[in-house]
Amino acid sequence: MPPGGGGPTNDCEYSQISTRSSSPMESPHKKKVPRRKWEAFPGRNKFYCNGRIMMARQTGVFYLTLVLIVVTSGLFFAFDCPFLASHITPAIPVIGGVLFFFVMGTLLRTSFSDPGVLPRATPDEAADLERQIANGSSSGGYRPPPRTKEVIINGQTVKLKYCFTCKIFRPPRASHCSLCDNCVERFDHHCPWVGNCVGKRNYRFFYMFILSLSFLTIFIFAFVITHVILRSHQVGFLNALKDTPASVLEVVVCFFSVWSIVGLSGFHTYLISSNQTTNEDIKGSWSSKRGKDNYNPYSYGNIFTNCCAALCGPLPPSLIDRRGFILPDTPQPVAPSNGIAMYGATQSQSNMAAATPLLQSEPIIITDEPPLPGKTTLTSPCATLPLGQPTPPTSTPNLSCDADMMPMREEHEGHHFLTPEDAPSPPGMLPTGSPLTHSHTMHLYNPASQDSLHEDSVRGLVKLSSV
């Protein structure tokens, strides 16, 4: 500082340097927000309510189903039930309400649940499975790897097919849905009316939905006709139609939908009684007769037992754990640098930094003693070296160390000296000549000299220190 204390030097003040860095290289432990598994789910599905609701991606027809049920039932409760309750019995709206809520509950349960999606193989599992397939087909010349396995179930041979998308051998009765892009256990079919696949975990709710919807449709259709007939006895048929246009709309909707709904309910009643799926019935996989070669190995041989197994058996848990967390990699701690970034240094290299210039061919010794502020101590006190200045080879014999240490070699040909001026400075760092660099100067370890360090480690150890 020049005498007088005046001039522009008075305006220079040390600015506070933040010890919290925004760079991922410098942050000791940068916490990452854990993601849930449904956010990285590979299938074509939609998730709502933080993964609690799982649906197919095409849900347009599902909303049409909701509108038809809600609008038709709402018109019935608003325009027909008051007349029927007063002229026949108040039990009609009560029974209709119970059926409506049961239909809506089973529909939402079918649409919003996991149908039984099988998890895909991890890369390690897929590689191991491919290795097993290749080893099994390596004998006797070249043959394409077999992509099926055979298992015996109740005396019937069942083939397990390999799924090239999920990289697994599908279990019995499982199939890959092309719309949802998932393998589903005990796959029945993909139903666009419920907006989801129908499989092992939601088939019972699907069957109860279509069965209760059949009763609700017949119930509304029958009592709407009763309402129109009773009103036509009072004011005439044409006047009754003019007075209740909502009843006409209900009759039209119920008339065109009751046939398909009742027919679908009857078809699935047959499937449940024979313990088959829609996929197996369409393909003709099994015969209902026990004596034939392709008899159904999953049937219990009794209608009542098959129905109980499909509707009253235990509900299996979900296998995909869609609300579980994806475990991130363990964060690697990085040594703090007091606000000065160690440009280009990794965690392993930052431990090799010293406050004095390093010879590439000399080994580095790191002690466990905590360094004092402003300097980095390697060993016992030695001669003081000026910081921030290049150290010529001729200055090394001037160092005086303890007597028990080996003298430093005088041959320094080919050695490279790394000084603070030679080290690159990243953006935002203070220049070398600033006062802060003299209080705490960090040097970089060059990984290219790792082999030479190992070779010369047997020649001796040199201890250096800096103030």
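Just so it is clear, the model here is predicted, and its values are computed rather than measured.
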Hey, are the side chains of Arg120 and Ile168 touching, using non-hydrogen atoms and a 4.5 Å cut-off? no
Within the distance-only criterion (no hydrogens, no angle test), does the side chain of Ser265 pair as donor or acceptor with the backbone N or O of Ile210 below 3.5 angstrom? yes
Phe83 vs His227 aromatic rings, parallel, tilted or perpendicular, using cut-offs 30° and 60°? tilted
Would you call Leu84 and Phe76 a side-chain contact if the rule is heavy atoms closer than 4.5 Å? yes
State whether Phe187 and Arg173 meet the cation-pi test: NZ (Lys) or CZ (Arg) under 6.0 Å from the six-membered ring centroid, and within 45° of the perpendicular axis. no
Ignoring hydrogens and angles, state whether a donor on the side chain of Asp181 or His176 is under 3.5 Å from an acceptor on the partner side chain. yes
Under the side-chain contact (heavy atoms from CB on, under 4.5 Å) test, residues paired with Arg36 that sit two or more places apart: Trp38, Glu39, Asn50, Arg323, Phe325
Looking at Arg170, Lys200, Arg201, which hits salt bridge (Lys or Arg N to Asp or Glu O under 4.0 Å) with Glu185? Lys200
For the residue pair Asp114 and Ser318, establish whether any side-chain heavy-atom pair is separated by less than 4.5 Å. yes
Verify whether the ring centers belonging to Phe206 and His268 lie closer than 6.0 Å. yes
Side chains of Met54 and Phe112 in contact at under 4.5 Å (non-hydrogen atoms): no
Within the 4.5 Å heavy-atom criterion, are Thr106 and Ser212 side-chain neighbours or not? yes
Salt bridge between Asp128 and Lys167, side-chain N to carboxylate O under 4.0 Å? no
Is the Tyr162 ring parallel, tilted or perpendicular to the Phe164 ring (thresholds 30°, 60°)? perpendicular
Hey, does Asn154 have a side-chain heavy atom less than 4.5 Å from the side chain of Tyr298? no
Per the side chain to side chain contact (heavy atoms under 4.5 Å, CB included) rule, which among Leu99, Leu213, Val262, Ile261 passes with Ile218? Val262
Assess, by modelled atom type and distance only, whether the side chains of Ser274 and Asn296 contain a donor and an acceptor separated by less than 3.5 Å. no
Is Thr244 reaching over with its side chain to a backbone N or O of Ala246, donor-acceptor style, under 3.5 angstrom? no
Is the backbone of Thr278 close enough, under 3.5 Å, to the side chain of Asp188 for a donor and an acceptor to pair up by distance? yes
Is any NZ, NE, NH1 or NH2 atom of the basic residue among Glu130 and Arg147 found under 4.0 Å from an Asp or Glu carboxylate oxygen of the other? yes
Can you tell me how the ring of Tyr270 sits relative to the ring of Phe267, calling it parallel under 30°, perpendicular over 60° and tilted otherwise? tilted
